[in-house]
Peer 1: 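Take a look at the following structure, please.
Please read all numbers here as calculations on a predicted model, not as lab measurements. Note that ligands are numbered from 1 as they come in the structure, with each ligand's atoms numbered from 1 the same way.
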Amino acid sequence: MAFSLRFAPTNLARARVFRCSSAAPAAVSARCSMAAPPLRVGVAQMTSTNDLEANYNTCSRLVKEAAAGGVNLLCLPESFSFVGAKDGESLKIAQPLDGPIMQRYCSLARESNIWLSLGGFQEKGPDDSHQYNTHVLLDSSGNIRKTYRKIHLFDVDVPGNMVYKESDATAAGESIVVAESPVGLLGLTVCYDLRFPELYQQLRFQHQAQILLVPSAFTKVTGEAHWEILLRARAIETQCYVVAAAQAGRHNEKRESYGDSLIIDPWGIVIARLPDRLATGVAVADIDLSRIDSVRTRMPIAQHRRIGNCLKTQSA
Ligand SMILES: O=C(O)CNC(=O)[C@H](CS)NC(=O)CCC(=O)C(=O)O
């Protein structure tokens with residue numbers, strides 16, 4: 001089941017009744033009502049700016065809306081808490097994970113009793129001129145469960161746009177990270193990582209991830225060209241759910257992001273979407289882990305893959 005909270009606010013109890021009673025015979029309904037509650041994930045879309053307080057207020061509103069809708073894990077986009085308007089601005093506000101900015105989000109998770117994936121936090125880095133771009137996973141008691149530092153940095157000359165040089169002020173992460181959660185085994189990534197399929201291959205085939213998280217602030221130009229295609233490809237080739245929360249719209253004079261937050265199932269079907277024109281909102285979908293098993297059993301690519309395992313390369 002997938003719907004957008006913008007249009008269909010709901011709660012867990014109502015959603016379960018709705019799911020089970022859709023023209024099903026009485027016996028089926030009865031069996032259905034015994035079933036485990038849905039594992040519900042949400043993607044939040046927003047337009048963050050260089051105003052930490054305003055961004056927190058938006059996140060807080062979206063988190064409360066999602067919690068009221070029975071969401072177990074809400075995913076916020078990269079740079080949810082801050083998007084700098086000038087060079088060096090992010091570095092100035094970067095804080096350690098036990099600093100007041102992240103601690104406030106921990107309290108929010110605890111008060112709303114919800115897990116949060118916080119993509120792209122400006123974590124204080126290894127020296128004064130570098131931060132980390134850190135994806136932080138919080139549990140519903142407000143504890144930090146896992147952190148992943150973005151591995152691939154966006155040093156790219158975007159056609160018709162501008163030259164990005166993320167590595168000027170950001171140090172790259174060095175570790176692949178998976179995390180247990182109530183909705184399944186999560187693979188943590190950030191934004192530009194999406195273009196490096198080998199990361200997602202490892203998350204699936206070495207670490208058995210079930211849900212891949214891709215919080216992003218894609219540029220308008222590259223998003224229009226590549227966003228949905230890349231995300232659906234990652235879902236299909238890993239047979240995982242893909243959950244991609246996006247920044248949307250204009251952050252400042254220089255930066256505009258491509259919205260279109262998506263939840264994609266392991267067959268590559270888009271099961272929830274917030275289109276680019278909707279700047280702020282939450283879309284939700286229920287994760288069905290048996291769907292992953294069914295796709296993987298019928299098409300056992302884990303057993304069929306050979307490259308990297310056993311094949312030799314012929315000399316040129
Ligand atoms: O700078 C910040 O505030 C946070 N970081 C980002 O927004 C990063 C680095 S500039 N953006 C991306 O990775 C976009 C990737 C992209 O657009 C693509 O792969 O096409």
Peer 1: Just jot down the ligand 1 atoms closer than 4.0 angstrom to any heavy atom of Ala217, in number order.
Peer 2: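 Checking each atom against Ala217, I get 7 (O), 11 (N), 14 (C).
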Peer 1: Is His152 touching ligand 1 with its side chain, its backbone, both, or neither, if touching means heavy atoms under 4.0 Å apart?
Peer 2: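 For His152, no heavy atom sits under 4.0 Å from ligand 1.
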Peer 1: Examine the side chains of Asp98 and Gln103 and answer whether a donor and an acceptor come within less than 3.5 Å of each other.
Peer 2: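 On atom types as modelled, these side chains do not qualify, holding no pair under 3.5 Å.
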Peer 1: Run the contact test for Gly84 against ligand 1 with a 4.0 Å cut-off on heavy atoms, strictly below, and give the result.
Peer 2: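 Flag not set, Gly84 not near ligand 1.
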Peer 1: Taking the six-membered ring for Trp, is the centroid-to-centroid distance between Tyr258 and Phe218 below 6.0 Å?
Peer 2: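 Ring-ring flag for Tyr258/Phe218: false, centres at least 6.0 Å apart.
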Peer 1: Strictly by modelled atom types, are His251 and Thr47 linked by a side-chain donor-acceptor pair under 3.5 Å?
Peer 2: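 Side-chain D/A pair, His251 to Thr47: absent.
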Peer 1: Which part of Arg195 is near ligand 1, with near meaning a heavy atom under 4.0 Å away: side chain, backbone, both or neither?
Peer 2: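 Side chain only.
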Peer 1: Thr222 heavy atoms, cut-off 4.0 Å: which ligand 1 atoms fall inside?
Peer 2: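 Those of ligand 1 that fall under 4.0 Å from Thr222 are 16 (C), 17 (O), 18 (C), 20 (O).
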Peer 1: Can you sort out which atoms of ligand 1 are near Thr219, meaning under 4.0 Å from one of its heavy atoms?
Peer 2: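 Counting from 1, the qualifying ligand atoms are 17 (O).
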Peer 1: At a non-hydrogen distance cut-off of under 4.0 Å, which region of Tyr164 contacts ligand 1 (side chain, backbone, both, or neither)?
Peer 2: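 It is the side chain that touches ligand 1; the backbone stays farther off.
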Peer 1: Which of the atoms in ligand 1, numbered in the order shown and given with their element, are less than 4.0 Å from a heavy-atom of Ser79?
Peer 2: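 By the 4.0 Å cutoff, the relevant atoms are 2 (C), 3 (O), 4 (C).
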Peer 1: Is the distance between the ring centroids of Tyr105 and Phe80 less than 6.0 Å?
Peer 2: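 Under 6.0 Å, so yes.
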Peer 1: Are Ile151 and Tyr132 co-members of a hydrophobic cluster defined by side-chain heavy atoms under 4.5 Å apart?
Peer 2: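 The answer is no; the residues belong to distinct hydrophobic clusters.
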Peer 1: Do you see a donor-acceptor pair shorter than 3.5 Å between the side chains of Thr189 and Tyr200?
Peer 2: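 Distance-only check passes for Thr189 and Tyr200.
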Peer 1: Is the shortest distance from a heavy atom of His226 to ligand 1 less than 4.0 Å?
Peer 2: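 False for this residue.
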Peer 1: Of the listed options (Ser257, Ser48, Cys191), which comes nearest to atom 11 (N) of ligand 1 when hydrogens are ignored and any heavy atom counts?
Peer 2: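 It is Cys191 whose heavy atom sits nearest to atom 11 (N) of ligand 1.
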Peer 1: Evaluate the side-chain proximity of Met102 to Leu118: yes if any heavy-atom separation is below 4.5 Å, no if none is.
Peer 2: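 A side-chain contact exists here, since the closest heavy-atom pair is under 4.5 Å.
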Peer 1: Which one holds for Glu78 and ligand 1: side chain close, backbone close, both close, or neither close, with close meaning a heavy atom under 4.0 Å?
Peer 2: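 Near ligand 1, Glu78 shows its side chain, while the N, CA, C and O stay back.
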Peer 1: Using heavy-atom distances only, which candidate in Lys220, His251, Glu166, Arg255 approaches atom 7 (O) of ligand 1 most closely?
Peer 2: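 Among Lys220, His251, Glu166, Arg255, the closest heavy atom to atom 7 (O) of ligand 1 comes from Arg255.
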Peer 1: Between Ser48 and Gln247, do the side chains contain an N or O donor and an N or O acceptor separated by less than 3.5 Å?
Peer 2: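 Gln247 and Ser48 do have a side-chain donor-acceptor pair below 3.5 Å.
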Peer 1: Counting only heavy atoms, which portion of Phe154 has something under 4.0 Å from ligand 1: side chain, backbone, both, or neither?
Peer 2: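 The part of Phe154 near ligand 1 is the side chain, not the backbone.
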Peer 1: Output the list of atoms in ligand 1 that are nearer than 4.0 Å to some heavy atom of Lys150, sorted by atom number.
Peer 2: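 Heavy-atom distances to Lys150 below 4.0 Å select 8 (C), 9 (C), 12 (C), 13 (O).
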Peer 1: Would Phe196 and Tyr192 count as a close aromatic pair, with their ring centres under 6.0 Å?
Peer 2: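 Ring centres of Tyr192 and Phe196 closer than 6.0 Å.
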